[in-house]
Number of protein chains: 2
Amino acid sequence: MSTAAEQGRAVRRRLLRAAAELIAERGWRAVSTRVLAERAGVAPGVVHYHFTSVQALLTEAAIGAMRDVVDGLGPVLDRARTPAEAVDLLLASLDDYTGNDPASLLFTEAYLAATRDAELRQAVGGVVVDFRRKLAGWLGEHGVRTPEETAAVLAAAIDGFLLHRALEPSLSAATVAPVLRRILAPPQFRGRTQRKGR
Amino acid sequence: MSTAAEQGRAVRRRLLRAAAELIAERGWRAVSTRVLAERAGVAPGVVHYHFTSVQALLTEAAIGAMRDVVDGLGPVLDRARTPAEAVDLLLASLDDYTGNDPASLLFTEAYLAATRDAELRQAVGGVVVDFRRKLAGWLGEHGVRTPEETAAVLAAAIDGFLLHRALEPSLSAATVAPVLRRILAPPQFRGRTQRKGR
DNA sequence: CTAGGGTTTGGGCAGTTGTCCAAGGCGATT
DNA sequence: AATCGCCTTGGACAACTGCCCAAACCCTAG
């Protein structure tokens, strides 16, 4: 195996890493060929040697980074013994993400860019569905009655929480955790339905 | 009052309307001076006569449009008699928003652009806080124990829901509504506290 | 040593961007 | 009729963009 080919793949990886960083730093649409090359320490031409387009590079980088984060959430779930504990652990691990950190920003950027690009949309959708499936499976195994719907709301609430916290840092995980836990413990033990008022 | 001045303010309004449309259509960073002018039916130079910069125009347009939407949600709330009904009505009115409609896209675009611009961030944050305050006030008057936290989670979940639905249209309001309603009816009637596990 | 493959270089191309500005139009006031 | 204020025009500017490509490079195989 030639050294050149090895180095080539190393440069490719460096470009992907640079892309993930720059998406978070500057925003999806502000990542240009030249900046990518500079960050990766290569000449501008290299970008279009290893990737068919800047958009393709950004897509591959974002999806990879998102998969890493989602995969990292698996072990967190496995440490929990009850659904309530799972929510607490998830939210606690979210405390690392301020809403303005690289990982959160990359997620938001990817979500948004996905609304403009069908291919990216499908890829991002795949990541989200995977996470929801994983979460739903875990919830189902731990006694939650409607695991899919619960997982869907939980996933959406978590993303919405990150989005809102980026705008208003006073929003803390501790504030929302008690409320969010209610999702897991429906008052279905009593016969009464939801219409508690009036 | 001179006709020229009147026309000037009309052109200004047209530019704001064009900006709101184009943010949704093309994305925040893809709205350019020329496209704005063309959509508003004026020469390119007009943009920088009425606004100090394109960014300023976009900001004013986005905030205005967001305020309109949030103000429109007030009457929806007033039609509800119970918190559960309020959630249903809110979600139902959300059914107009597919996640890929102009209003949803403008919100997402503004949220994201806010992470890159301090001034915009503050303005968008103000809109969100206003909505949450309004919602919290209503919830408090209708028997919800922790109105602020509940409103915060509800608002975040709704935005997250829109975000996720843009990626995966199968997600419907009907699916999440039952789960989301649990947030309002905590199992606090029983003596057991939230730490149901262990 | 030569030939060949994969990789890298740096400049070139045509197009777009935000911002500015000298010049002109036009109705109201003097 | 002349002047004034506000608005509008369309082009100029430098700086950027994605993509491309001939040439050079370097290491391995023959």
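Chain identifiers are assigned alphabetically (A, B, ...) following the order of the sequence lines, protein sequences preceding nucleic acid strands; residue numbering begins at 1 within each chain.
- Every salt bridge (charged side-chain N to carboxylate O under 4.0 Å, His left out) that B:E60 has, sequence neighbours left out, goes to B:R12.
- Between the C1' atom of D:dT17 and the CH2 atom of A:W28 lies a distance of 17 Å, rounded to the nearest Å.
- For D:dC7, the OP1/OP2 oxygens have a side-chain nitrogen or oxygen of B:Y49 closer than 4.0 Å.
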Reading 5' to 3' through nucleotides 11-18 of chain C, protein heavy-atom contacts under 4.0 Å coded B for base, S for sugar-phosphate only, - for none
-B----SB
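- Atom CD in A:Q7 sits about 11 Å away from atom P in D:dT28, given to the nearest Å.
- As a whole-Å value, the separation of A:R14 CZ from C:dT7 C1' is 12 Å.
- Not one side-chain nitrogen or oxygen of A:H50 sits closer than 4.0 Å to the OP1 or OP2 atom of C:dG6.
- A search for salt bridge (charged side-chain N to carboxylate O under 4.0 Å, His left out) contacts involving A:D159 returns nothing, not counting sequence neighbours.
- A:E38 has its CD atom 16 Å from the C1' atom of C:dT9, to the nearest Å.
- Residue pairs satisfying the side-chain hydrogen bond (donor to acceptor under 3.5 Å, both in side chains) criterion with at least one member in residues 44-53 of chain A, sequence neighbours excluded, are absent.
- As judged by a 4.0 angstrom heavy-atom cut-off over every strand, B:V47 is placed among residues making no nucleic acid contact.
- Legend: residues meeting salt bridge (charged side-chain N to carboxylate O under 4.0 Å, His left out) with B:R34, ordered by chain and number and at least two apart, are absent.
- Under the rule for a side chain to side chain contact (heavy atoms under 4.5 Å, CB included), the partners of B:A86 that lie at least two apart in sequence or sit in another chain are B:L77, B:A80, B:W138.
- For the pair B:F51 CZ and D:dC7 P, the computed distance is 12 Å after rounding to whole Å.
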Candidate pair B:T146 and A:R182, rule side chain to side chain donor-acceptor pair (under 3.5 Å), full reasoning:
CA-CA 12 Å; B:T146 51; A:R182 293 184 201 153; 2.7 Å; yes
